[in-house]
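Worksheet: one structure, shown below.
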There are 2 protein chains.
Amino acid sequence: MNVEKPRTRIQQKNRERILNAALDVFSAEGFRGATIDQIAIAAELSKPNLLYYFPSKEAIYTEVLSSLLTTWLDPLQAIDSQGDPIEEILGYVRRKLELSRDFPRESRLFANEILRGAPRILDQIEGPLRRMVDDKVALFQNWSRDGKISPIDPFHLIFSIWATTQHYADFSVQVRGILRTNDDAHYVDAEDFLMTLYRATLTPRGN
Amino acid sequence: MNVEKPRTRIQQKNRERILNAALDVFSAEGFRGATIDQIAIAAELSKPNLLYYFPSKEAIYTEVLSSLLTTWLDPLQAIDSQGDPIEEILGYVRRKLELSRDFPRESRLFANEILRGAPRILDQIEGPLRRMVDDKVALFQNWSRDGKISPIDPFHLIFSIWATTQHYADFSVQVRGILRTNDDAHYVDAEDFLMTLYRATLTPRGN
DNA sequence: GTCTATATTAAGATAGAC
DNA sequence: GTCTATCTTAATATAGAC
């Protein structure tokens, strides 16, 4: 898999322009809201020229979406069963928050797809994603059993990490509206808060 | 405000049917994805008949959206400055989670609107919502200062509560796919988890 | 108030010249 | 590979009879 067909330099460049433009438009408007016209304008190509590279709007969308999925799952995979439990989980939170800050378009595209019922990626969710979550859940349960982290529900821990980190990208308009900000400075406070939140929860009490 | 125009019983009934059908369709498809046809079918009315009650698709959407906003903000307002700080905040989390379970369509409609940049409710966010958040932030800061809750960032605390609770409605497909469930039984575990999470974080240490 | 029929526009996609 | 022109469909909205 992932075998790239040989392409001329101009083909490569145009495909990249299109996919980048498509990410802009799809993440801002959703699949139905986006138009080929908008994408073509953003990619600085004519509409028929764009359709020379991709057979349909759907094809562009699927390509953007699938190219995004691996990046999206990588951080979870990176949790190391040999590392310090609390630092591993906090590191995961930190990486997810960085993704939220540096790739907000990807986050919103993904959010939009899930919100619509995940018609194109339900297989990925019930396949690879679920397997990886199950794997980490088992790890967290071992850590709990050994008293390395407190005994919390590992599924809901993961859901809460996804929710709290992606919130800053997906609900960006609301966050910025309330904080009266246009830049990314608040991500520093967000990180501090989330580190405190999860450290307080994961650190075993008593003993 | 909220002055209802006098209407016949049949008008009342049909308006309600339309608004309920519209909530179904808009929350599942988004504004652009939804069609008047779908709404008309769901409301069991003909398309022209539906347009006899509302002048346009946009008008239906705005009505649904604005009727939702008050309900959405009420729980925050309900936090009582005279109550026990930790129990007040945990109660807020619980009420938000109940909203997520009992009104997932409303949550998804709201999420969709924010995701699109909140074109129709930015005023509400930067007006009433921001004022109420500022108010509760001040309250949380007082509670922190008096040692009633630990010294965390109150803005990010509120964001995290919104994120973790609404996640179960907005990302429902993903949550259910991973938990292999079709019902709402997991909300019990979610509540347990969130109570533990926020109690651990809010309870002042040391002293 | 409700219907059938239809006008109008927007958007996805294709034909065919260059 | 890129363009202009155009086909086709779907969707919003309206006209006008009943």
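Below, each value reflects all heavy atoms present in this structure, side chains not excepted, and no hydrogens, waters or symmetry copies.
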Could you walk me through whether A/E87 and A/R199 pass the salt bridge (Lys or Arg N to Asp or Glu O under 4.0 Å) test, one step at a time? CA-CA 9 Å; A/E87 293 313 315; A/R199 196 180 290 279; 3.1 Å; yes
Let me know the distance between [atom1] of [X] and [atom2] of [N], rounded to the nearest Å.
{"X": "B/K57", "N": "D/dA11", "atom1": "NZ", "atom2": "P", "answer": "9 Å"}
{"X": "A/Q38", "N": "C/dA11", "atom1": "CD", "atom2": "C1'", "answer": "11 Å"}
{"X": "A/I60", "N": "C/dG12", "atom1": "CD1", "atom2": "C1'", "answer": "11 Å"}
{"X": "A/L45", "N": "D/dT2", "atom1": "CG", "atom2": "P", "answer": "7 Å"}
{"X": "A/I18", "N": "C/dG12", "atom1": "CD1", "atom2": "P", "answer": "14 Å"}
{"X": "A/N49", "N": "C/dA17", "atom1": "CG", "atom2": "P", "answer": "18 Å"}

First encountered from the 5' end of DNA chain C, between B/S46 and A/P48: B/S46
Just to be sure I understand the rule, does [X] reach a base, reach only the sugar-phosphate, or reach nothing, if contact means heavy atoms closer than 4.0 Å?
{"X": "A/I10", "result": "sugar-phosphate"}
{"X": "B/L51", "result": "base"}
{"X": "B/A34", "result": "sugar-phosphate"}

Go through B/D184 and B/R176 one step at a time and tell me if the salt bridge (Lys or Arg N to Asp or Glu O under 4.0 Å) criterion holds. CA-CA 9 Å; B/D184 285 351; B/R176 287 167 202 281; 3.0 Å; yes
Would you indicate, yes or no, if [N] has its OP1 or OP2 atom less than 4.0 angstrom from a side-chain nitrogen or oxygen of [X]?
{"X": "B/S56", "N": "D/dT14", "value": "no"}
{"X": "B/N14", "N": "C/dT2", "value": "yes"}
{"X": "A/R32", "N": "C/dA11", "value": "no"}
{"X": "B/Y53", "N": "C/dT2", "value": "yes"}

B/K47 has its side chain closest, among D/dG1, D/dA13, C/dG1, to D/dA13
Cation-pi check, A/K57 to A/F31: give yes when NZ or CZ is under 6.0 Å from the six-membered ring centre and within 45° of the ring axis, no otherwise. yes
Which residues satisfy the salt bridge (Lys or Arg N to Asp or Glu O under 4.0 Å) test with A/R101, sequence neighbours excluded? none
